[in-house]
Amino acid sequence: MNNAMNRDLARLVARVERLDGPNAQKDPYRLKFHLMPPVGWLNDPNGLCKFRDEYHVFFQYGPFDATGGVKHWGHYKSQNLIDWEYLPPMLYPDESYDVHGAYSGSIYVEDDKMYLYYTGNIKHTGNYDYIKNGRGNNTCLAISEDGLQPISKQCLMENKDYPQGLSCHVRDPKVWRQDDTYYMVLGARTLQDRGEVLIFESKDKLNWSHCNTITTPQPFGYMWECPDLFELDGQWFLAVSPQGVQQTGDCYQNVYACGYFPLYGDFHGECSLGEFHAFDKGFDFYAPQSFLDGQRRIQFGWMGMPDAAYTNPTVQNGWQHCLTVPCELTARDGRILRNPVQELEALRGTKQMISVQSEASVCALMFDLVYEPQGEFELVVHNCVALSWDNGVLRMRLVNGGAGRTERVVHMDCPNKLRVLADISAVEIFINDGAEVLSTRCYPDAQQGICWKRGQGQATLWEIK
Ligand code: FRU
């Protein structure tokens, strides 16, 4: 790509990373094993793929504004899912059809090329509601031969090319191939404010036709963002991030929901959706994406939440948000289990076995803990995140440094196993081998490690190297 806007933006991003990077790097809440933006803002993971034996993770990147700004595709790559190399952005908002943001999308790899499908966002100036008018969501394709820069970019579909009855919000293409056909899912909001997923098909990756629309019989939120459709162990699942789902009991406690439906039948013909399950019951998980790595399916999520009332203190130092660790998805009894990829075990350093009794504690900056509780317990991570189980209720409370986060609860029997991954300002809690997960950012005064207030059972703690 070689237009003046692209050249200037590339220089500007490099300059802002060079000038503002050192300040962000000094921030006490920078993470050690989670992907973050070098400066500015990060949201959704995009374009996850393996290309020439390397993993590529792109992300929604706002280099000029730690609270958002115009989106680029930031870029990391890795050979082992642990050591990551930061690279210049792959996509800049430098064309008339993506000028207000190179929004989320996916990569399909074929013939040694990356096909980047993404949403070109347009926001017209004027007195618009930006729902039914004033906004363009274009489906775009960029092709890269070297995995670093696109050699071409084009707009494949505009709003007028989508089915009738939709608002302007139609975005986040996820593309895959099955037999001799390519498929794309797009998230959509109808004119009646219902969330749904559009299925498109193509024989040549360029010309796409709408072949199905999937939604629930009763409305479930007004917009479904970032769809992902995949098969695990013979069962199909539709993952979406629905907006506008009302809280009921301890379900949908966050501003926006994020989870999956089992899909029964044929996704491009007759099909129906089963019960919706959240991917994560913590504060910070949204817009995940998955990809196939050989036989296994790996997912990254955005460890954040749009429009939440939290004020992450990192903004003062010019950056905000991170991705989750990579997790492998597996299916059990129609549910998805989410567990850190096995590669992360290479981060495990010094090991301690703990016979848990009240007031047991271990000092550690970052750790990977496996705990098998025997009945009620309460443990506190970094004097900040308290996790307890009593009388059928698992509770995660941000007792200090929650930056506005309060409490999340899950009704369940006593867990038989917990795995806690604690980074400097991020904690991910995997329960019963990934049957439930709670993720949260936290901002402790000091990284103190772990302390049990109550409880019994055995634990193993590895300090992160
Ligand atoms: C989800 C989302 C996507 C959109 C992107 C813009 O967080 O709103 O629907 O493509 O973020 O950054």
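For ligands, and for the atoms within them, numbers begin at 1 and follow the listed sequence. Here the structure is a predicted model, which is why all the values come from computation and not from measurement.
Contact atoms of ligand 1 toward S104: 5 (C), 10 (O) (distance under 4.0 Å to a heavy atom of the residue). Those atoms of ligand 1 that come under 4.0 Å of a heavy atom in Y103, given as number and element, are 4 (C), 6 (C), 10 (O). Every atom of ligand 1 is numbered from 1 in the order shown, and the set under 4.0 Å from a heavy atom of N43 is 5 (C), 6 (C), 7 (O), 11 (O), 12 (O).
Between Y260 and F279, the ring-plane angle classifies as tilted under the 30° and 60° cut-offs.
Taking atom 4 (C) of ligand 1 as the reference point, the nearest protein heavy-atom neighbour is D172 OD1, 3.5 Å. In this structure, atom 12 (O) of ligand 1 lies nearest to the protein heavy atom Q60 OE1, 2.7 Å. Distance from atom 8 (O) of ligand 1 to its nearest protein heavy atom, with residue and atom name: E225 OE2, 2.8 Å.
At a 3.5 angstrom cut-off on N or O pairs, Y286 does not count as close to ligand 1. Residue W302 has no nitrogen or oxygen atom sitting less than 3.5 Å from a nitrogen or oxygen atom of ligand 1, judged on distance alone. At least one N or O atom of D44, backbone or side chain, sits closer than 3.5 Å to an N or O atom of ligand 1.
Looking at K153 and E95, no side-chain N of the basic residue comes within less than 4.0 Å of a carboxylate O on the acidic one, giving no salt bridge.
Interatomic distance, CD1 of I424 versus SG of C322, reported as 12.0 Å (0.5 Å rounding). For the atom pair NE2 of H34 and CG of D423, the computed distance is 5.5 Å after rounding to the nearest 0.5 Å. Here SG of C258 is found 7.5 Å from OH of Y286. Values are rounded to the nearest 0.5 Å. In this structure, CG in L337 is found 12.5 Å from CD1 in I431, a value given to the nearest 0.5 Å.
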- Message: Between Q178 and F267, does the side-chain contact (heavy atoms from CB on, under 4.5 Å) criterion hold? Intermediate values first, please.
- Response: CA-CA 12 Å; Q178 215 171 301; F267 71 81; 3.5 Å; yes

